Amino acid sequence: MDAYQADLLVDCRCLLGESPFWDPSLGAIAWVDIDRSQLHRLTPSTGSVAAVELPTETSFVAAAEAGGIVGASPLGVFARLDDESETRMIASPWFDPELARPNDGAVDPNGRIWVGFTRRDREPESGAMGVVVDGEWVRRIESLTLPNGIAWSPDGDRMYYVDTFGGTLWTASYDSEAAVLADNQPLFGLERGRGLIDGICTDLDGTIWAAIWGGHAVLRIDATGREIGRVDVGSEKVTSCSFGPPGSTVLYITSANPEGTDVPGEGGFFAVDVGVQGVPVAPAVVANRD
């Protein structure tokens, strides 16, 4: 099994770092601290780091085709052109914000936005995942407790997704034109005591990289569900991972420090060169909404 060691790039000590993504318009890798409603950016070419305030708790962010970002919050799915502009709603909330909230999301090969939601009380199998179509969130996957990471195979014909509290990484065939799944099957389960599967991304070799909350690690899993590699991370609660720009072999990793402890690395932002390129992530296509 391949072994890697991640380096600490930014000791940002996020309460809940999540959703790393490459922003091509700024040439930066970005991520959110959900609990502080902040968007962090690191520009690899200069090493500069910046953080901006977001208007509300934001659990998922991605680059938009026209520039700026899209994201998911208790207000729904939104677009924001730049740091100074107001948010524009793409889809209204599909849940009662008092009872539930959105969680992780992703952009499919055709630029559609996928987002899951979970009940705040974590009632078993009460969450779901869906896709935004014509300004509406359309339910696609039922009976999830904590929907989490989403990613696609290099050819876009398979979708991978996580139910964290179900302890399972799932796989399904994917019709990218219709944004419809079929033949959903469990691919990988993590043994009790090793942590919880959180955010994921994929590489051009067809393998999945899975962040492990409580495991100090990102695991590499092949398309048959076999664990073939491990990245050791200097933070216990590893939350998500993503590659840099197209052609990059650098895996960026977020983590959480929910207790706000003054321990270097906890809640930090990490990176490691894993020697394989990531699957390019399409920017979100945002339609005008009347």
Side-chain angles (χ1 to χ4, degrees), residues 14-26 28-42 50-120 127-141 144 146-151 161 179 199 201 239-240 242 254 256 281-290:
C14 290
L15 296 178
L16 186 52
E18 261 286 5
S19 198
F21 72 99
W22 178 254
D23 188 335
S25 65
L26 297 177
I29 187 80
W31 67 100
V32 291
D33 185 342
I34 297 174
D35 287 353
R36 288 196 177 102
S37 299
Q38 290 180 330
L39 176 69
H40 293 257
R41 294 192 186 99
L42 166 65
V52 297
E53 301 299 316
L54 293 168
T56 184
E57 173 190 34
T58 301
S59 59
F60 153 68
V61 282
E65 185 180 48
I69 63 170
V70 296
S73 78
L75 303 177
V77 180
F78 66 84
R80 193 178 190 194
L81 181 62
D82 55 47
D83 295 342
E84 303 301 324
S85 64
E86 295 183 359
T87 58
R88 176 166 66 87
M89 300 315 299
I90 302 169
S92 300
W94 55 93
F95 50 84
D96 181 345
E98 294 295 321
L99 299 177
R101 64 170 180 83
N103 200 42
D104 208 351
V107 180
D108 84 354
N110 283 4
R112 295 188 185 92
I113 301 167
W114 279 76
V115 186
F117 79 95
T118 180
R119 281 183 58 102
R120 295 184 184 275
M129 275 183 187
V131 60
V132 177
V133 178
D134 296 329
E136 299 292 336
W137 182 87
V138 181
R139 191 183 301 259
R140 289 287 196 254
I141 308 170
L144 304 175
L146 180 55
N148 222 312
I150 309 169
Y161 63 94
C201 65
T239 55
S240 194
S242 178
T254 53
V281 177
V285 177
V286 179
N288 291 326
R289 187 182 183 202
D290 296 331

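Computed from a prediction, not measured in an experiment: that's the story for all the values here.
- Here the CG-OG1 distance, from Asp33 to Thr58, works out to 11.0 Å after rounding to the nearest 0.5 Å.
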query = Going through the distances and angles, do Val61 and Arg80 end up as a side-chain contact (heavy atoms from CB on, under 4.5 Å)?
reply = CA-CA 10 Å; Val61 282; Arg80 193 178 190 194; over 6 Å; no

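- Here the side chains of Ile141 and Tyr161 are in contact, with some heavy-atom distance below 4.5 Å.
- Of all non-hydrogen atoms in Val132 and Ala91, the two that sit nearest each other are CG1-CB, 4.1 Å.
- The nearest pair of heavy atoms linking Pro93 to Pro74 is CG-O, 3.5 Å.
- The aromatic rings of Trp31 and His40 sit parallel to each other, their planes meeting at less than 30°, with 60° as the upper class boundary.
- Ala63 and Asp23 make their closest contact through CB-CA, 4.5 Å (heavy atoms, listed as atom of the first residue, atom of the second, distance).
- Side chains of Ser240 and Thr254: a donor-acceptor N/O pair is absent below 3.5 angstrom, by distance only.
- You'll find the side chain of Ile150 stays beyond 4.5 Å of the side chain of Asp104, heavy atoms only.
- Among all heavy-atom pairs drawn from Ala66 and Leu81, the shortest one is O-CD1, 4.3 Å.
- Asn103 CG to Thr118 OG1: the interatomic distance, rounded to the nearest 0.5 Å, is 6.5 Å.
- By the side chain to side chain donor-acceptor pair (under 3.5 Å) test, Ser37 is found to be paired with no residue, residues two or more places apart in sequence or in another chain being considered.
- Below 30°, between 30° and 60°, or above 60°: for Trp94 and Phe117 the angle between ring planes is above 60°, a perpendicular geometry.
- Considering CD of Glu136 and CD1 of Ile90, their distance stands at 12.5 Å, rounded to 0.5 Å.
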request  = Apply side-chain contact (heavy atoms from CB on, under 4.5 Å) to Phe21 and Val281, showing your working.
outcome  = CA-CA 9 Å; Phe21 72 99; Val281 177; over 6 Å; no

Show every donor-acceptor pair shorter than 3.5 Å between a side-chain atom in residues 107-114 and any protein atom, with sequence neighbours excluded, or say none if there are none.
from: Asp108; atom 1: OD1; to: Asn110; atom 2: N; distance (Å): 2.8
from: Asp108; atom 1: OD1; to: Gly111; atom 2: N; distance (Å): 3.0
from: Asp108; atom 1: OD1; to: Arg112; atom 2: N; distance (Å): 2.9
from: Asp108; atom 1: OD2; to: Tyr174; atom 2: OH; distance (Å): 2.6
from: Asn110; atom 1: ND2; to: Ser176; atom 2: O; distance (Å): 3.0
from: Arg112; atom 1: NH1; to: Ser176; atom 2: O; distance (Å): 2.6
from: Arg112; atom 1: NH2; to: Glu177; atom 2: O; distance (Å): 2.4
from: Trp114; atom 1: NE1; to: Tyr174; atom 2: OH; distance (Å): 3.1

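- Listed by chain and residue number, nothing satisfies the side chain to side chain donor-acceptor pair (under 3.5 Å) test with Arg120 (two or more places apart in sequence, or in another chain).
- For the atom pair Asn148 CG and Met129 CE, the distance stands at 7.0 Å (nearest 0.5 Å).
- Contact annotation: the side chain of Phe78 approaches that of Ser73 to within less than 4.5 Å [non-hydrogen atoms, C-beta and beyond].
- Under the ring pair (Phe, Tyr, Trp, His ring centres under 6.0 Å) criterion, Trp22 pairs with no residue at all, not counting sequence neighbours.
- Annotation: side chain to side chain donor-acceptor pair (under 3.5 Å) contacts of Asp35 (sequence neighbours excluded): none.
- The distance from atom CG of Asp83 to atom CG of Leu26, rounded to the nearest 0.5 Å, is 7.5 Å.
- Glu53 is linked by a side chain to side chain donor-acceptor pair (under 3.5 Å) to Gln38, counting only residues two or more places apart in sequence or in another chain.
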